[in-house]
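Each remark here refers to the structure printed beneath this line.
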Amino acid sequence: DPFHGPNREGLGEQLCAAVASDVDHFAAGLADLETAEPTYARAVVRGFIHAVASGQPIPWPPVLSYCDWILRQGVSEPVAPGHVWGRDPGWTWAWGAVSDLVEAGLKEGAARVPVGERRQLWAVLDALLRTPAPQAEGRQEPFDLVEIAINNTRGRAFERMLDYAFWVREQTGIDPEEGFSQMPEVRDVLDRHLDSSIEPSLAMRAMYGLVLPRLFALDRRWLAGAKGQIFPTDSGRRAERDAAWSAYLRYCRLFDDIFASLEEVYRTEVDARSRNASGVQGIGH
């Protein structure tokens, strides 16, 4: 009976509770839990999430290695075509659990990832950022590009990347003025996803608008140089500009120093909307 009998999801719940109650034992045996069944892989990661959330330190090196293994699994169905009750339909849910574990591990507390695991943690984050991009195509309008992005593994990983950047700055004592020069891995990803030939997803473009105040706080010099790519003025890239600008206006508070940095972008937007509304020359200054 698929509704009332034992199933993989139920066993996964028991596995999750067991991992949370004895993290050292299960961390030592993670190689034996590299299973072709993603339902159980996700349960293992959730067990470590519960432990971290309760403030219990976990052995991060083997756990991050297990996360890396999960992220190397494909998106193809591991079971027969069609959804099987009580069983994960693929690896994307397990990927989401890895993202949640990274988020928990970057928060302050006794269970936080130690700075010595920076390289391994970044490898996991980089893999998350290379999972399939969120797509708006085929959806019924109206839709929110940010909502699409944050319900996707890559979109959530983009936010986790900035959590990582603040974690690096706090843990290493980097001068805030140094910005991404001391975190080239973050800068390279930000630059890469601004290249529409590499990252055509408008939902990911919207993420730049959503996190813009955080980018400003991390490296205002990088933002000053990148704003022309975040808000391109080329007519052929209007959709990219609108995605980032709409997300920024909708989700971000107005700060004086950020406004000063983006004043020319504001003027361009006001001018364009004035022309569209009146059919005459824009309002200028």
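No hydrogens, no waters, no symmetry mates; every other heavy atom, side chains included, goes into these values.
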Between Leu223 and Ile230, is any pair of side-chain heavy atoms under 4.5 Å apart? yes
Which residue pairs pass the side-chain hydrogen bond (donor to acceptor under 3.5 Å, both in side chains) test when at least one of the two sits in residues 98-114, sequence neighbours left out? Arg112-Glu170
With a cut-off of 6.0 Å (strictly less than), are more than 12 heavy atoms of other residues, nucleotides or ligands near CG of Asp256? no
In the structure I gave you, are the side-chain heavy atoms of Ile148 and Asn152 within less than 4.5 Å of one another anywhere? no
Non-neighbouring partners of Tyr248 that pass side-chain hydrogen bond (donor to acceptor under 3.5 Å, both in side chains), sequence neighbours left out: Tyr266
Residues Gly209 and Cys252: closest non-hydrogen pair is O-SG, 3.3 Å
Does Arg241 reach the main-chain N or O of Phe231 with its side chain, forming a donor-acceptor pair under 3.5 Å? yes
Measuring from atom CZ of Arg214 to atom CG of Asp163, what distance do you get when rounded to the nearest 0.5 angstrom? 4.5 Å
Least distance between heavy atoms, Gln56 atom then Ala20 atom: OE1-O, 3.4 Å
Do we see a donor-acceptor contact under 3.5 Å between the side chains of Arg237 and Gln229? yes
So do the side chains of Met161 and Val186 get within less than 4.5 Å of each other, counting heavy atoms only? yes
Of all heavy-atom pairs linking Pro59 and Ala27, the shortest is CG-CB, 3.6 Å
How about Phe158 and Tyr208: are their ring centres within less than 6.0 Å of each other? yes
Test item: Asn151 side-chain N/O and Glu147 main-chain N/O as donor-acceptor pair under 3.5 Å: yes
Any Ile258 side-chain heavy atom under 4.5 Å of Arg220 side chain: no
Assess, by modelled atom type and distance only, whether the side chains of Glu37 and Thr35 contain a donor and an acceptor separated by less than 3.5 Å. no
Salt bridge (Lys or Arg N to Asp or Glu O under 4.0 Å) with Glu199: which of Arg130, Arg192, Arg154? Arg154
Could you go through the side-chain contact (heavy atoms from CB on, under 4.5 Å) check for Leu145 and Arg205 one step at a time? CA-CA 9 Å; Leu145 287 170; Arg205 178 69 57 160; over 6 Å; no
Approximate separation, where rounding is to 0.5 Å, of Thr153 OG1 and Arg160 CZ: 11.5 Å
Strictly distance-based, threshold 3.5 Å: is any side-chain N or O of Trp60 a donor or acceptor partner for the main-chain N or O of Leu121? no
Side-chain (Asn7) to main-chain (Glu9) donor-acceptor, under 3.5 angstrom: yes
Rounding to 0.5 Å, atoms OG (Ser246) and CG (Leu202) come to a distance of 10.5 Å
Check: Trp91 ring centroid to Trp69 ring centroid under 6.0 Å: yes
Closest approach of Ala157 and Leu128, non-hydrogen atoms and distance? CB-CB, 3.6 Å
For the student: nearest non-hydrogen atoms of Ser201 and Pro134, plus distance: OG-O, 2.5 Å
With a 4.5 Å limit on heavy-atom distance, are the side chains of Phe26 and Ser21 in contact? no
Given ring pair (Phe, Tyr, Trp, His ring centres under 6.0 Å), test Phe255 with Phe216 step by step and report yes or no. CA-CA 11 Å; Phe255 297 94; Phe216 184 84; 8.8 Å; no
Those residues at least two apart in sequence (or on a different chain) that pass salt bridge (charged side-chain N to carboxylate O under 4.0 Å, His left out) with Asp242 are Arg238
Side chains of Glu185 and Arg118 in contact at under 4.5 Å (non-hydrogen atoms): yes
Would you please test Val146 and Ile150 for side-chain contact (heavy atoms from CB on, under 4.5 Å) and show each step? CA-CA 6 Å; Val146 168; Ile150 63 176; 4.3 Å; yes
Taking it one step at a time, do Val189 and Trp122 satisfy side-chain contact (heavy atoms from CB on, under 4.5 Å)? CA-CA 11 Å; Val189 168; Trp122 177 255; 3.6 Å; yes
Quick one about Ser65 and Gln120 (side-chain donor to acceptor, distance below 3.5 Å, no hydrogens or angles considered), yes or no? yes
Using 0.5 Å steps for rounding, measure from the CG atom of Asp24 to the CD1 atom of Ile58. 10.0 Å
Measure across Val124 and Val98 and return the closest heavy-atom pair with its distance rounded to 0.1 Å. CG1-CG1, 3.7 Å
Drop me the distance from Tyr66's OH to Glu34's CD, to the nearest 0.5 angstrom. 7.0 Å
Let me confirm one number: the OH-CD distance from Tyr40 to Gln14, rounded to the nearest 0.5 Å. 11.5 Å
Quick one: does Asp175's side chain get under 4.5 Å of Gln182's, heavy atoms only? no
Taking Asp88 for the side chain and Gly90 for the main chain, is one N or O donor matched with an acceptor at less than 3.5 Å? no
Look at the side chain of Asp219 and the backbone N and O of Phe180, then say whether any donor-acceptor pair between them is shorter than 3.5 Å. yes
I'd like to know if the side chain of Tyr164 and the backbone of Val102 have a donor-acceptor N/O pair within less than 3.5 Å. no
So do the side chains of Arg8 and Leu11 get within less than 4.5 Å of each other, counting heavy atoms only? no
What I want to find out is whether Arg156 reaches Glu159 closely enough, with some N-O distance under 4.0 Å, to be called a salt bridge. no
Does a side-chain N-to-carboxylate-O contact under 4.0 Å join Arg46 and Glu13? yes
Arg119: salt bridge (charged side-chain N to carboxylate O under 4.0 Å, His left out) partners, not counting sequence neighbours: none
Results of salt bridge (charged side-chain N to carboxylate O under 4.0 Å, His left out) for Glu178 - residues two or more places apart only: none
Run the salt bridge (charged side-chain N to carboxylate O under 4.0 Å, His left out) test against Asp68 and tell me which residues pass, sequence neighbours left out. Arg72
